[in-house]
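Notes for the one structure printed next.
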Amino acid sequence: MVDTVTPAVEPGRDFIRDIVQADVDAGRVQGVVTRFPPEPNGFLHLGHAKSICLNFGVAQEFGGRCHLRFDDTNPTKEEQLFIDSIQQDVRWLGFDWGLHLYHASDYFEQLYEWAEHLVRAGKAYVDDTPPDQMRQQRGTLTEPGQNSRFRTRTVEENLDLFRRMRAGEFPNGARVLRAKIDMASGNMNLRDPVLYRILHATHPRTGDAWCIYPTYDFAHGQSDAIEHITHSICTLEFEDHRPLYDWLIENLPVPSRPRQYEFARLNITYTVLSKRHLTRLVTEKHVRGWDDPRMPTLAGVRRRGVPPAALREFVRRVGVARAYSVVDVAMLDSAIRDTLNPSALRRMAVLRPLKLVIENYPEGQTETLEAQNHPDNPDAGARPVTFSRELYVERDDFMENPPKKFFRLSPGKEVRLRYGYFITCQSVVKNDAGDVVELRCTYDPASRGGNSPDGRKVQATIHWVSAADAVQAEVRLYSHLFNRPDPGADGDALADLNPDSLEVLTDALVEPALRDAKPGEAVQFERTGYFAADPDSQPHRPVFNRTVGLRDTWAKVATKA
RNA sequence: UGGGGGAUAGUUUAGCGGUAAAACUCCCGGCUCUGACCCGGGCAUCCUUGGUUCGAAUCCAGGUCCCCCAGCCA
């Protein structure tokens, strides 16, 4: 695993850390305790990475701790598969919850007791109103709601009914437990929110022990209180829930007083970050799975070759604020390159091979040249590469009729073969269709190793592999999954899928050193990009994923010309 | 026409009464055995209108625009 150790980067300041700092300074909290509370109904994605880095980061910086708590209150949507993948992903990102792994379901009995407490206090009631009617009674954004006719039930009746709900006497949807707050509130969440619903479903952890389950609102804050969470950090859409969060905390005999703070969720251009959309991409087979390298899931970017340190750096650069925002995906790419550049070993790989024959190089002769594993880091050592009369170079590195700014090979032009010799293109061989299928060149024997004794300069250095010992490989090039920066802005996001997000090159040729590349190990294909072996690799046939391309100034120049 | 939030370069952030800072993108140039990396330089009427003040992105008042909320999802 390539995980560049970034020497103590200052975490960055933001309003959340300011609040925590102020609470610590004022002695309002004894120690800082945060939590990352995923619902196990999908894989973690880049948006979660922001939340994870924030919650675990804050805890780390203030010498506190961060819990991993599964918000598993809806058994109809949650699965063990997700519970497992989430833990793997959080660890991979570089965070450790220690012994503090919890589930909202751990607290079901306590939550139930607190629900009865509310009933006894006359602050909650069982409502038999059917769902559609309840919706009507809730009113609208501008009109107040109406009290349910069951709102005035006696404590005794409520208690009896609620217990019978738990006992399984009623079918799904027949009744709910509601908080008795204010049907005329401008805040919809305060119009007698549902606290418990009947769900005859098997829970991944509690099995069939329960047939009533607490809603998010009733479970979350109380779970925070049980765990003595000091700062409950969530995204902006829960802002309206804070009054309810506080109401429940204040009306229940909870053991601590957590506070909720909200920040803006992460959005990225050309990307979609919602469980609903990601789930559709997988179930409708638009991608190969949750870990498809094009997916913005942690499993996906991991398979693509992105090191966790790059994600942490990305999140740090993005910052934390309360304003709605959409981050340029280029910022992610940049963080990935900056993380990989210092550590990724350099290799030569020809993605689209073009045969090149050196006419004045003796047939049958080979020689061993030395190539640096990392030009900026001599400690990375060197490797031998075999040179011979027949080579392959990148198709894009030759143009028969080059524009003025083209520095690479063209008829009569001299370039350097990386770590090899200066060569000059003498002629081209074409097939019947007129396509260039082979380059005939000559080399300068005096330029061995890459420099000519006469001090002659060349405009370009290109990469190559020798024909005899090149390893055939499959290379998968990925680009944005969506073809517009704001997928879904005009309707269905899936209609904006980029049909060319995956390009598979089956005839790439890579140098022998790449034969046994391990998945998760990042390498740089010189002049091309950062790549990582895919788990699909076979011993005789490696498969590489392009993690991210190198910055390509020539591509811009070429486009403008 | 309710309630809750938010507006600083193209993007994401900093700035907390003293004359706009950083990263990314983009543009120009330098360096180069990766057209990479690296190094220079360029790119802002701080949403708006008034007010307070010697001085306002920061304080006050009024507008404008954007986001979230009417699940027995989270």
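Each chain gets a letter, A, B and so on, in the order its sequence line appears, and its residues count up from 1.
Nucleic acid contact class of A/T269 (heavy atoms, under 4.0 Å, all strands): none. Among the protein residues, A/F406 comes within range of the nucleic acid bases, having at least one heavy atom under 4.0 Å from a base atom. As judged by a 4.0 angstrom heavy-atom cut-off over every strand, A/Q524 is placed among the base-contacting residues. Contacts of A/V458 with the nucleic acid, taken as non-hydrogen atoms under 4.0 Å apart, are absent. Base contact: A/R408 has a heavy atom under 4.0 Å from a base atom. The residue A/K275 sits apart from the nucleic acid: no heavy atom pair falls under 4.0 Å. Using a 4.0 Å heavy-atom cutoff across all strands shown, A/P38 reaches no nucleic acid atom at all. Among the protein residues, A/N451 comes within range of the nucleic acid bases, having at least one heavy atom under 4.0 Å from a base atom. Residue A/E526 is in base contact, counting any heavy-atom pair closer than 4.0 Å across all strands shown.
Taking atom C1' in both B/rC54 and B/rG62, one finds a spacing of 26 Å when rounded to whole Å. The separation of B/rG30 from B/rU11, taken at their P atoms, amounts to 30 Å, rounded to a whole angstrom. Only the C1' atoms considered, B/rC59 is 8 Å distant from B/rU52, to the nearest whole Å. The same atom, C1', is picked in B/rA57 and in B/rU8; the two are 7 Å apart, to the nearest Å. Separation of the C1' atoms belonging to B/rU12 and B/rC46 is 16 Å when rounded to the nearest angstrom. B/rG10 sits 7 Å from B/rU45 when the P atoms are compared, rounded to a whole Å. Taking atom P on both nucleotides, B/rG18 is separated from B/rC60 by 16 Å, rounded to a whole Å. For the C1' atoms, the distance linking B/rC28 with B/rG35 amounts to 16 Å, nearest Å.
Spacing between atom CD of A/E313 and atom C1' of B/rA22 amounts to 13 Å, rounded to whole angstrom units. In this structure, OH of A/Y270 is placed 14 Å from P of B/rU12, rounded to the nearest angstrom. The interatomic distance linking A/W554 (CH2) with B/rU32 (C1') rounds to 18 Å, in whole Å. Rounded to a whole Å, the CD1 atom of A/I86 is 14 Å from the P atom of B/rA74. Atom CG of A/N377 and atom C1' of B/rU34 are 16 Å apart (whole Å). One can place CZ of A/R17 at 11 Å from P of B/rA14, the figure rounded to the nearest angstrom. Across the protein-nucleic acid pair, A/E39 atom CD and B/rA74 atom C1' stand 5 Å apart, rounded to whole Å. Following rounding to the nearest Å, A/R191 (CZ) and B/rG4 (P) show an atom-to-atom distance of 13 Å.
For the atom pair A/L177 CG and A/I198 CD1, the distance stands at 10.5 Å (nearest 0.5 Å).
In this structure the side chain of A/Q524 never reaches within 4.5 angstrom of the side chain of A/L340, judged on heavy atoms.
Between A/Y421 and A/E367 the shortest heavy-atom distance is OH-OE2, 2.6 Å.
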Heavy atoms under 4.0 Å is the rule here; annotate nucleotides 63-72 of chain B 5' to 3' with B where the base is hit, S where only the sugar-phosphate is, and - elsewhere. -----BBBSB

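B/rC72 is unpaired under the Watson-Crick or G-U wobble criterion, no partner having all donor-acceptor distances under 3.5 Å. Across all strands shown, nothing is found opposite B/rU45 as a Watson-Crick or G-U wobble partner with both distances under 3.5 Å. Shown here, B/rG29 forms a base pair with B/rC39; the pair counts as Watson-Crick or G-U wobble because both key distances fall under 3.5 Å. The partner of B/rA21 is B/rU13, judged by Watson-Crick or G-U wobble contacts that both fall below 3.5 Å. Nucleotide B/rU58 forms a pair with no other nucleotide shown, judged by Watson-Crick or G-U wobble geometry with both contacts under 3.5 Å. Across every strand in view, B/rU64 sits in a pair with B/rA7 that passes the Watson-Crick or G-U test at under 3.5 angstrom.
When only modelled atom types and interatomic distance are considered, A/R456 and A/N451 share no side-chain donor-acceptor pair under 3.5 Å.
Comment: A/E262 engages A/R242 in a salt bridge, judged by a side-chain N to carboxylate O separation of less than 4.0 angstrom. Between A/D106 and A/R69 there is no salt bridge, since no side-chain nitrogen of the basic residue lies less than 4.0 Å from a carboxylate oxygen of the acidic one.
Nearest-nucleotide positions on RNA chain B place A/K50 closer to the 5' end than the other of A/K50 and A/R418. Looking at which nucleotide of RNA chain B each of A/A555 and A/P214 is closest to, the 5′-most match is held by A/A555.
Side-chain rings of A/F387 and A/Y419 stay apart, their centers remaining 6.0 Å or farther from each other. A/F150 has its ring centre no less than 6.0 Å from the ring centre of A/Y125.
A glycosidic torsion no more than 90° from 0 defines the syn conformation; B/rG29 lies beyond that range and is anti.
Within the structure, side-chain hydrogen bond (donor to acceptor under 3.5 Å, both in side chains) pairs that include any residue of residues 324-337 of chain A comprise A/R317-A/S334 (at least two apart or interchain).
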Review item, nucleotides 23-30 of chain B N/O atoms under 3.5 Å of protein N/O:
| residue | atom | partner | partner atom | Å |
| --- | --- | --- | --- | --- |
| B/rC26 | OP1 | A/K556 | NZ | 2.9 |
| B/rC26 | OP2 | A/K556 | NZ | 3.4 |

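Summarising the local packing, CZ of A/R149 is surrounded by 12 or fewer heavy atoms from other residues, nucleotides or ligands at distances under 6.0 Å.
Residue A/V327 has its side chain nearest to B/rU12 when only B/rU12, B/rG35, B/rC73 are considered.
Partner of A/P38 under the side chain to side chain contact (heavy atoms under 4.5 Å, CB included) criterion, out of A/L68, A/I52, A/D71: A/L68 alone.
Ring pair A/Y216/A/F238 is tilted by interplanar angle, where 30° to 60° counts as tilted.
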